[in-house]
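Working notes, beginning with the structure itself.
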Amino acid sequence: MKTDPNSRRNFVRFLAASPLFASAGIDQPTLTRLFSGTPRDQSEAFGLVDELTAQDPTLIANAADALDVFDFEPVAKKKIPPAHWGYLITGTDDDATIKANRDGYQKWALRPRRLVDVSKLDTSVDLLGHKYDTPIVLCPLGSQRAFNSEGELAVARAAKAKNHLQVLSTVATTSIEDVIAARGAPVWWQLYATGDWNQTRAMIKRAEAAGAPAIVFTVDLLGGSNRETMFREGLLDTRNCVQCHAGGRPAPGVSGRVDDRDNRRKPALAVPAPGTPIPEVGTPTWDYVKRIKDTTSMKVFVKGLLTPEDAELAIQHGASGMFVSNHGGRADNSLRGTIECLPDIAKQVKGRAIVELDGGIRRGTDIFKAMALGATAVGIGRPYIWGLGSFGQEGVEAVLAILRRELEIVMRQAGTTSLKQITPAYVLPRNA
Ligand SMILES: Cc1cc2nc3c(=O)[nH]c(=O)nc-3n(C[C@H](O)[C@H](O)[C@H](O)COP(=O)(O)O)c2cc1C
């Protein structure tokens, strides 16, 4: 059959833009060559289309088909381009701390109690006077339009539908004003300090003016991180990326500093602060927390703490709370799961501050264990991006619903009807 060259060109362009082809490393010049080549080339091209568009029966076709959050991961992998996938999955060095985060939950067993009336269950949590349906927080996670064209907006709509706290990253690809409008309520804002205090202060003021009640200052990347997996996956991506990335190669998060990235699509960073730059001398220390507090009326949280000593310092410097977090195993390769760090920190904090825990939360039982060991709330990162990359807003909503359902089951099974009732008495070390 003879096709009109214009429609063939459009078809090739359409295919080349599809994440399916990008993730398979097939770029536009290859497709053009195959479709305009010999009949053999053309048959190879149509074979590729068949292969890549055929539904793999092991993958879920709809968000509603998922049994657990892991069901979204392979679907997202298929839809997200390789370099962006590398950004999502990478840890540091050999990624061992990602595994340590997961393994940590296996070190704790449950001590369920019986014959408690569990017909009425309350999974809600109050954070800074706002009631959320569950303690599951959508952690700050950069560049969400790299995973789905709606990015942070789809996440905000899901957070609204399910009433969850969303924390927006400094390196988000959507502005805080638009995210708050889509969420229909304030979100918290995460800060990466820049090398120019004037710029950092302007960003803080913008978040405050947008209505964010809290600022989450991330402190676990100040020395940089070695993200080998991200680089290796990036090499599989043959697309021409100059449109979005200066120099053509995506390289976010290389040094851990925001100043040296390509910030064109990051609304918080793209606008230079009016006025003279005020260069930082050295990297931030605890005084910086006080400086933030003196700059804003927002509550201040410190993200990335792993020791009771730092938990105490955070409180002494006026923080309202902390995120016990190792950045999802992508900061330092500490080999310590965050859940292993939690008991000492909770003991030190003694209820004086809000304690969020994140890293490797994938099951309702993980959430239950974190609550038992002293967390006020828990955060998820990659799981909601699996949902976003697979099915957009619907996928994020499904991930939140699955985790909630699993949490409800374990709460009922353990004989606990509210989060407050989940105390250390409901868990014990597995080898005890
Ligand atoms: C792709 C990716 C980007 C992230 N971006 C940020 C960020 O911009 N700011 C931040 O404080 N944490 C960031 N994090 C860390 C998350 O907030 C969270 O601590 C972590 O993802 C939780 O672990 P989990 O992915 O195992 O659930 C990022 C994590 C991932 C995976």
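Counting starts at 1 for both ligands and their atoms, in listed order. FYI, the numbering just counts along the sequence from 1.
- Between D220 and K303 no salt bridge is recorded (no basic side-chain N to carboxylate O distance below 4.0 Å).
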What does the N/O contact table under 3.5 Å look like for ligand 1?
residue, atom, partner, partner atom, Å
ligand 1, 5 (N), G142, N, 3.1
ligand 1, 8 (O), S169, OG, 2.7
ligand 1, 8 (O), Y192, OH, 3.4
ligand 1, 9 (N), Q190, OE1, 3.2
ligand 1, 9 (N), Y192, OH, 3.0
ligand 1, 11 (O), T218, OG1, 2.7
ligand 1, 11 (O), K303, NZ, 3.1
ligand 1, 12 (N), P140, O, 3.3
ligand 1, 12 (N), K303, NZ, 3.0
ligand 1, 12 (N), H327, NE2, 3.2
ligand 1, 14 (N), P140, O, 3.4
ligand 1, 14 (N), H327, NE2, 3.4
ligand 1, 17 (O), P140, O, 2.6
ligand 1, 17 (O), K303, NZ, 3.0
ligand 1, 19 (O), K303, NZ, 3.1
ligand 1, 19 (O), S325, OG, 3.2
ligand 1, 19 (O), D358, OD1, 2.7
ligand 1, 25 (O), R382, N, 3.0
ligand 1, 25 (O), R382, NH1, 3.1
ligand 1, 26 (O), G360, N, 2.9
ligand 1, 26 (O), R362, NH1, 3.4
ligand 1, 26 (O), R362, NH2, 2.8
ligand 1, 26 (O), R382, NH1, 3.4
ligand 1, 27 (O), R362, NH1, 3.1
ligand 1, 27 (O), G381, N, 2.9

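- Side-chain contact between E208 and I176 is absent, with no heavy-atom pair separated by less than 4.5 Å.
- Ion pairing of E312 with R352 is present here, as a side-chain N (NZ or NE/NH1/NH2) and a carboxylate O approach within less than 4.0 Å.
- Using a 4.0 Å cut-off between a side-chain N of Lys or Arg and a carboxylate O of Asp or Glu, E408 and R404 qualify as a salt bridge.
- Applying the side-chain hydrogen bond (donor to acceptor under 3.5 Å, both in side chains) rule to pairs touching residues 147-158 yields E150-R157, E152-T173, E152-T174, sequence neighbours excluded.
- Smallest separation of non-hydrogen atoms from L138 and V396: CD2-CG1, 4.4 Å.
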